[in-house]
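The structure appears right after this line, and notes come after that.
Just so it is clear: chains get the letters A, B, ... in the order the sequence lines come, proteins before strands, and each one is counted from 1.
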2 protein chains.
Amino acid sequence: MANIYDVAKAAGVSPATVSRVLNGARVTPDREARVRAACAELGFKPNRVARGLRRQSSDVLGLIIADIENPFFTALARGVEDVARTAALSVVLCNADDDPEKEAAYLDVALAEHMAGVIISPASMTETDVTQLIGKGIPVVAIDHSPESAQVDTVASDDERGAYAATSHLIDEGYRRIACITGPRESWAAVQRLRGFLRAHRESDPPRRRPAVKYADFRVRGGYRAMAELLDSANPPDAVMVTNNLMAAGALEAMYDRELRPPAIGVAAFGDAFWSHLVRPSLSSVHQPAYDIGRSAAELVLKRRGNPDLDPQTVVLPTRLEIRDSSRRPS
Amino acid sequence: MANIYDVAKAAGVSPATVSRVLNGARVTPDREARVRAACAELGFKPNRVARGLRRQSSDVLGLIIADIENPFFTALARGVEDVARTAALSVVLCNADDDPEKEAAYLDVALAEHMAGVIISPASMTETDVTQLIGKGIPVVAIDHSPESAQVDTVASDDERGAYAATSHLIDEGYRRIACITGPRESWAAVQRLRGFLRAHRESDPPRRRPAVKYADFRVRGGYRAMAELLDSANPPDAVMVTNNLMAAGALEAMYDRELRPPAIGVAAFGDAFWSHLVRPSLSSVHQPAYDIGRSAAELVLKRRGNPDLDPQTVVLPTRLEIRDSSRRPS
DNA sequence: AACCGATCTGAAATCGATTTCAGCAAATCA
DNA sequence: TGATTTGCTGAAATCGATTTCAGATCGGTT
């Protein structure tokens with residue numbers, strides 16, 4: 001493939017001039033025309049690696065997510081892409097799979113390739129290390145919660161309040177023994193949602209004590225197992241608040257296997273899923289603005305790219321309780 | 001950040017020797033130890049951009065997919081990742097969103113960054129141009145069908161046969177007016193699945209003619225609209241074969257909105273989805289080995305990386321009809 | 001002791017763009 | 001007209017690794 005020297009020769013100018021044409025610096029119209037003609041003729045496209053080496057930057061935005069199969073992250077990715085494209089950035093997705101080691105590998109790639117920015121949903125609040133990125137001036141935006149290694153821009157949804165609302169709703173519907181299936185203890189979101197769940201219990205009238213809590217892994221299988229254990233326990237719950245949509249699918253399956261379904265058992269879940277409409281009777285869910293979280297995160301990257309010394313800011317987007325099928329008929 | 005010259009100076013050797021240590025060439029143990037110590041001391045990590053420029057290659061594998069929200073592709077991505085990691089390659093996902101323009105942009109990135117390989121589910125059989133990649137010796141593997149621009153390694157599932165089996169099953173169950181909701185005409189998979197559907201009609205005894213066919217977009221909304229139109233038509237079908245899982249979700253929703261559900265209406269769909277268990281009574285589905293397709297594709301990339309002049313080969317993986325709830329009681 | 005071959009080393013070239021800097025020409029001003 | 005500014009231009013340095021190549025070192029043979 002043709003390089004900038006070939007083009008320069010073909011156009012009868014120096015490589016510097018070709019570079020200037022490519023980057024919009026001032027060049028006499030006559031030369032500019034010759035350069036453009038030569039570029040077209042030779043099918044020249046500037047080598048991004050060479051450019052990246054010299055410029056110490058690239059126009060690729062890294063998005064490191066915890067689980068590629070989780071619709072929350074795929075919707076988020078859409079939001080990131082839509083904003084990135086307005087700034088002519090390409091988005092590459094990296095699936096860290098909740099594994100700090102894989103995550104570290106991708107952070108290395110982002111660092112080494114001098115990506116234009118990194119949006120990351122940290123696998124671990126303590127282990128995720130973004131200091132090198134920051135040190136090199138690469139904008140980093142965290143989803144949910146800033147890693148401890150460095151304070152960075154963060155976009156989160158109002159998880160605690162969402163969980164509070166969902167749990168209160170179940171209480172209002174008359175359920176007595178409400179359990180919670182939440183994510184791993186290392187996950188900020190899992191912890192916040194559990195807090196909201198517990199607060200709803202404390203603040204109910206009369207206050208309720210010691211609801212059952214299961215920690216799972218935010219995956220379908222984990223949700224299934226947690227629900228199965230709850231249902232098969234000596235004192236099974238009559239309702240459950242599940243803190244993400246994949247686990248909700250698993251939990252529902254466990255219920256179905258036991259011929260249980262709403263409203264005999266109350267279910268509220270975090271997250272939207274296109275399949276949730278197919279579950280009838282339907283369940284209440286806490287809508288997470290995944291797409292908008294993605295948009296906001298990408299906007300923060302762009303903002304910080306312009307002026308790197310801004311103080312880190314946190315954007316919290318509201319969650320919204322969507323009530324469906326509240327026709328509980330207490331038995 | 002420290003570069004190779006800093007390390008060389010610290011270790012009292014030349015940069016060439018540092019490079020040799022990094023790449024496993026023979027170096028006296030004494031020097032090697034000094035170099036390793038200096039690397040650790042300075043926290044040195046080789047700059048991948050510089051390496052990429054010199055080597056004209058990188059250790060990133062590009063995966064360009066049509067729709068990030070489609071579980072088929074996310075499962076496929078898992079397969080790719082698992083194989084890639086055995087070869088120490090990082091996988092980056094690019095969401096082309098069925099848009100030839102976005103796709104072209106990502107192909108440009110792959111080309112410019114000299115990726116170790118590209119796995120692509122072509123947005124269009126005619127427009128997708130991979131000749132430049134091929135020309136530069138970058139292994140390209142297509143999902144479903146090779147683009148017309150160049151004959152490349154291809155991994156597909158046996159779509160035609162799967163669709164035939166699913167449709168025949170509906171016929172055997174006694175449904176009379178079976179419609180098909182398939183994807184865009186530009187999609188090879190959509191066309192193959194439609195062919196299987198039509199063949200099942202031709203080869204049934206007695207042969208059936210002119211079944212209703214709707215072309216949609218492989219998305220939930222498209223499936224919903226197509227099904228709504230079918231159901232609201234003068235002569236609605238009593239069964240439907242839907243060629244992907246997202247459209248199946250939409251189609252089911254349209255049915256539910258009209259208080260219709262299996263087995264009053266027969267449904268067979270392509271693809272697996274974790275939520276399909278939640279749809280009860282359940283539907284028959286054609287299992288696509290998405291994960292294995294990803295694995296095979298990645299293996300082909302690795303194979304071709306070793307010896308670039310192999311003839312392009314095509315791997316076809318079997319689909320499997322999963323029959324659920326065949327308790328049709330003809331009315 | 002002289003020679004040969006094998007092994008290792010570092011100086012320098014290389015990948016392909018960007019950017020600095022000095023030089024030159026044209027335009028502006030006194 | 002001469003001095004000064006302005007605007008373009010191209011040669012060369014630069015980014016940071018890899019790799020070629022010529023030379024140094026060492027052990028083993030005759």
- Task: Return the 5'-most residue of the pair A:Ala50, A:Pro15 with respect to DNA chain D, ranking by each residue's nearest nucleotide.
- Result: A:Pro15

- Task: Output, in order, the C-alpha distance, side-chain angles, deciding distance and verdict of side-chain contact (heavy atoms from CB on, under 4.5 Å) for A:Gln132 and B:Lys45.
- Result: CA-CA 11 Å; A:Gln132 301 213 47; B:Lys45 280 185 200 144; 3.1 Å; yes

- Basic-acidic side-chain contact under 4.0 Å: B:Arg34, B:Asp30: yes

- Message: With a 3.5 Å distance limit and no angle check, can you tell me whether B:Arg304 reaches the backbone of B:Glu299 through a side-chain donor-acceptor pair?
- Response: no

- Message: Between the side chains of B:Arg48 and A:Asp108, is the shortest nitrogen-to-carboxylate-oxygen separation below 4.0 Å, so that they form an ion pair?
- Response: no

- Message: If you assign each of B:Leu53 and B:Val27 to its closest nucleotide in DNA chain C, which residue comes earlier from the 5' end?
- Response: B:Val27

- Reading DNA chain C 5' to 3', which nucleotide is the first, and which the last, to come under 4.0 Å of any heavy atom in chain B? C:dC8 to C:dG16

- Item | Residue-phosphate contact under 4.0 Å: A:Arg26 side-chain N/O, D:dG7 OP1/OP2 | no

- Inspect the contact between B:Arg85 and A:Asp99 and indicate whether a charged nitrogen and a carboxylate oxygen are less than 4.0 angstrom apart. no

- Query: At under 4.0 Å, does any side-chain N or O of A:Thr28 touch on OP1 or OP2 of D:dG7?
  - Reply: no

- Task: Identify whether any heavy atom of B:Ser19 sits under 4.0 Å from a base atom; if not, whether one sits that close to sugar-phosphate; answer base, sugar-phosphate or nothing.
- Result: base

- Say you draw a straight line from CD1 of B:Ile64 to CG of B:Asp97; how long is it, rounded to the nearest 0.5 Å? 13.0 Å

- Message: Over all strands shown, is A:Val18 touching base, sugar-phosphate only, or nothing at heavy-atom distances under 4.0 angstrom?
- Response: nothing

- Closest-nucleotide 5' rank along DNA chain C - winner of B:Arg54 and A:Pro46: B:Arg54

- Heavy atoms under 4.0 Å, any strand shown: does A:Arg20 hit a base, just sugar-phosphate, or nothing? base

- Query: Closest nucleotide of DNA chain D for A:Tyr5 versus for A:Ser14: which of these residues is on the 5' side?
  - Reply: A:Ser14

